[in-house]
Amino acid sequence: QVQVVESGGGLVQAGESLKLSCVVSGLKMDDHGMAWFRQAPGKEREGVSVISWAGGRKYYLDSVKDRFYIRRDNDENTVYLEMDHLKPEDTAMYYCAVSGHLIPSRETWSDKDEYIYWGRGTQVTVSS
């Protein structure tokens, strides 16, 4: 049984940092690209970042470029999202997702249909 478990969310002030972690069990993570999505109340779930199976290809949502960094440790079956200079508009539930592809496409990586397993999310709240 595949399990995807996020952690690391919390309440921070604007300008501060957080690091999210996602541990995957029940499958070989290095057979898959991995992504982070987020969903704020009343809004659609949106792709935040994705990383290819070996970490060589990464894409980011425009609004988080140069503030958020995705990386992975396949030996630990873990993917991370390091978030710096957080803003109130980053407030959302953050979800980790396992891609059905080894290497994400620039055009389709943020399409939720590309992902086959999802975690339950970790809440990030940024106060102004």
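Computed over heavy atoms, backbone and side chain alike; hydrogens, waters and symmetry mates excluded.
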Does any non-hydrogen side-chain atom of Tyr117 lie less than 4.5 Å from one of Val24?
no
Beyond-backbone contact of Asp66 with Tyr60, side-chain heavy atoms, under 4.5 angstrom
no
If you round to the nearest 0.5 Å, how far is CG of Asn74 from NZ of Lys28?
8.0 Å
Do you know which two heavy atoms are closest between Ala40 and Ala92, and how far apart they sit?
N-CB, 3.8 Å
Give the cluster check for Met34 versus Val23: same hydrophobic cluster or not, with ILVMFWY residues linked at side-chain heavy-atom distances below 4.5 Å.
no
I'd like to check Trp36 versus Glu6 (side-chain heavy atoms, cut-off strictly below 4.5 Å). Are they in contact?
yes
Pairs flagged by side-chain hydrogen bond (donor to acceptor under 3.5 Å, both in side chains) wherever residues 79-88 is involved - sequence neighbours left out:
Ser17-Asp84, Arg71-Glu82
Gln3 CD to Arg120 CZ distance, which is reported to the nearest 0.5 Å:
8.5 Å
Hey, what else clusters with Trp118 if you join Ile, Leu, Val, Met, Phe, Trp, Tyr whenever side-chain heavy atoms sit under 4.5 Å?
Phe37, Val50, Tyr59, Met93, Tyr95, Trp109, Tyr115
Under 3.5 Å, side chain of Glu114 to main-chain N/O of Asp111, donor-acceptor pair present?
no
So, taking the atom named CG in Leu27 and the one named CG in Asn77, what distance separates them when rounded to the nearest 0.5 Å?
7.0 Å
Starting from Ile70, can I reach Trp53 by hopping between I/L/V/M/F/W/Y residues whose side chains sit under 4.5 Å apart?
no
Cys96 vs Val79 side-chain heavy atoms within contact, under 4.5 Å
yes
Can you tell me how far CD of Gln123 sits from OG1 of Thr91, rounded to the nearest 0.5 angstrom?
7.5 Å
Check whether Leu81 and Leu86 end up in the same hydrophobic cluster, where Ile, Leu, Val, Met, Phe, Trp and Tyr are linked by side-chain heavy atoms less than 4.5 Å apart.
yes
Nearest heavy-atom approach of Thr122 to Gly8 is OG1-N, 4.0 Å
Any donor-acceptor N/O pair, Ser52 side chain to Arg57 backbone, under 3.5 Å
yes
Is any side-chain heavy atom of Glu44 closer than 4.5 Å to one of Lys112?
yes
NE2/His32 to CD1/Ile116 distance, rounded to the nearest 0.5 angstrom?
5.0 Å
With the threshold set at 4.0 Å, does a side-chain nitrogen-carboxylate oxygen contact exist between Asp90 and Arg38?
yes
What's the separation between atom CE in Met83 and atom NZ in Lys19, rounded to the nearest 0.5 Å?
11.5 Å
For Pro88 versus Ser128, what's the shortest heavy-atom pair and its separation?
CG-CB, 3.8 Å
